[in-house]
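Inspection log for the structure reproduced underneath, given as structure tokens.
A note on names: the letters A, B, ... follow the listed sequences, proteins ahead of strands, and every chain is numbered from 1.
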Protein chains: 2
Amino acid sequence: MTSHLPDPDRRNERSRRAILAATVALISELGYDRASIEAIAKRAGVGKQTIYRWWPSKGAVALEALSESLATVVDFRDSGDLIADLRRHMRDVTQLLGSTEIGPVIQGLIAAAQSDPALSRAHLELVIKPADEFWHDRIARAQESGEIRADADADAIIDMLFGAMYFRLLVHTRPSKPEQIDAALDIAFNGLR
Amino acid sequence: MTSHLPDPDRRNERSRRAILAATVALISELGYDRASIEAIAKRAGVGKQTIYRWWPSKGAVALEALSESLATVVDFRDSGDLIADLRRHMRDVTQLLGSTEIGPVIQGLIAAAQSDPALSRAHLELVIKPADEFWHDRIARAQESGEIRADADADAIIDMLFGAMYFRLLVHTRPSKPEQIDAALDIAFNGLR
């Protein structure tokens, strides 16, 4: 049965996308703390209540926006060459963390998560864990095929390569640059000795 | 010339120490956000105005408390054995990040610094840079003496080893454990291949 009335699910999807886009834009322009639900609603052309009906907090909206951006950018692939797969993924992550749009969303979310355990768990589940699980499997396959040492610790590999990038974003020791990816992979694969 | 009147500098030093101790204790008990300047003043037995006279913000008080804790714990030493020096320093940092007293201060400070550029710069200068500079020099000496490869990138080594620990604290992929230090040093020194 067709209808000429607007489909409420499609209308909702349009509002949802407008809210997520407004959230990213306002956090990028004003910073996470100053991008209020009120301003997001105004920019998206919806009522504040629409946002509160769908999400429990600004953190939850920002997390959904981040999660959707990740889905379009990050490409988990097994090409059979671990170092090439890591390099490609690390470039994607460096680009996201360094982007003036998504970088401030990630900084704001991790900051907010330090005093919001539910947001911290949701960020871990939606953003960090999918990558963590992919790399665990990918590293295990590289160990089975003999591409890398079977006794190297996968947790350590993942946290060293990706932790360095988050550390730079959050603590500002130095900006993340594409050359650092090769420097990090050189140490991880060839060792300092 | 001696005097039997109380020394105002000594009295200030006693209040300063009481304020720093109260700041660490309250952040540990309540979390960074809920530890107010008012509660810190009350616990330390001083007036709110005393705190505002000496520090511009709660972040500044917390940063001074962290910086003094670091000074008593972290031991920069050159034993001539780079891996042993790194292992000792990484154990100290793991213990600090994982402590129920100082861990929440570091989490709260890094969170607050994401929306407070002055606090971010002060944290970088007081907490991160002294270690960063020590390890740059230490790694350069290990490269000159041939202990490690001369072409390995010092920035990458530092950010990989210490970034992984901060990543675990802030994103909670897994708790930091002493065994991870050996796993990370094994990869960094011996390589995955």
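Across Arg193(B), Met160(B), Gln107(B), the residue that shares the most heavy-atom pairs under 4.5 angstrom with chain A is Met160(B). Among Val127(B), Asp151(B), Ile157(B), Leu161(B), the residue with the largest count of heavy-atom pairs under 4.5 Å with chain A is Ile157(B). Note on Asp153(B), Asp33(B), Leu170(B), Ile148(B): by heavy-atom pairs under 4.5 Å with chain A, the leading option is Leu170(B). Put simply, of Gly31(A), Gly108(A), Ala164(A), the one with the most heavy-atom pairs under 4.5 Å next to chain B is Ala164(A).
At least one donor-acceptor pair closer than 3.5 Å links the side chain of Ser28(B) to the backbone N or O of Thr100(B). Formation of a donor-acceptor pair under 3.5 Å by the Gln180(A) side chain with backbone atoms of Lys177(A) is found in this model. Ser120(B) places no side-chain N or O within 3.5 Å of a backbone atom of Asp116(B) that could act as its donor or acceptor partner. The backbone N or O of Ile19(A) lies less than 3.5 Å from a partner atom in the side chain of Thr23(A), making a donor-acceptor pair.
No side-chain heavy atom of Val73(B) sits less than 4.5 Å from a side-chain heavy atom of Gln95(B). Residues Trp135(B) and Leu86(B) form a side-chain contact, since some pair of their non-hydrogen atoms from C-beta on lies under 4.5 Å apart. A 4.5 Å side-chain heavy-atom check between Gln114(B) and Gln114(A) finds every atom pair outside the cut-off.
Proximity to chain B is limited to the side chain of Arg174(A), based on heavy atoms less than 4.5 angstrom apart. For a residue to count as touching a neighbouring chain, one of its non-hydrogen atoms must lie under 4.5 Å from one of that chain's; by this rule Ile110(B) touches chain A with the side chain only. For a residue to count as touching a neighbouring chain, one of its non-hydrogen atoms must lie under 4.5 Å from one of that chain's; by this rule Phe189(B) touches chain A with backbone and side chain alike. Heavy atoms of His172(B) lying under 4.5 Å from chain A belong to its backbone as well as its side chain. When heavy atoms are compared at a cutoff of 4.5 Å, Ile187(A) approaches chain B by way of both its backbone and its side chain. For chain B, the nearby parts of Asp186(A) are the backbone and the side chain; heavy atoms of each come within less than 4.5 Å. Interface remark: Asn190(B) contributes backbone and side-chain atoms alike to the contact with chain A (heavy atom separation under 4.5 Å). Leu169(B) touches chain A through its backbone: at least one of N, CA, C or O sits under 4.5 Å from a heavy atom, while the side chain does not. Interface remark: Ile83(A) contributes side-chain atoms only to the contact with chain B (heavy atom separation under 4.5 Å). Neither the backbone nor the side chain of Ile181(A) comes within contact range of chain B; no heavy atom of the residue lies under 4.5 Å from a heavy atom of that chain. Interface remark: Thr173(B) contributes backbone and side-chain atoms alike to the contact with chain A (heavy atom separation under 4.5 Å). Of the atoms belonging to Asp155(A), heavy atoms from both backbone and side chain fall under 4.5 Å from chain B. Proximity to chain A is absent for every atom of Ala113(B), based on heavy atoms less than 4.5 angstrom apart.
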Begin from the C-alpha positions of Arg138(B) and Phe76(B) and carry the test side-chain contact (heavy atoms from CB on, under 4.5 Å) through to its verdict.
CA-CA 10 Å; Arg138(B) 182 69 193 82; Phe76(B) 293 119; over 6 Å; no
side-chain contact (heavy atoms from CB on, under 4.5 Å) between Arg16(B) and Leu20(B): does it pass, once the steps are laid out?
CA-CA 6 Å; Arg16(B) 193 184 71 89; Leu20(B) 297 183; 3.5 Å; yes
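Salt bridge present: Glu13(B) and Arg17(B) bring a charged side-chain N and a carboxylate O closer than 4.0 Å. Taking the charged nitrogens against the carboxylate oxygens, Lys129(B) and Asp132(B) have no contact shorter than 4.0 Å, which rules out a salt bridge.
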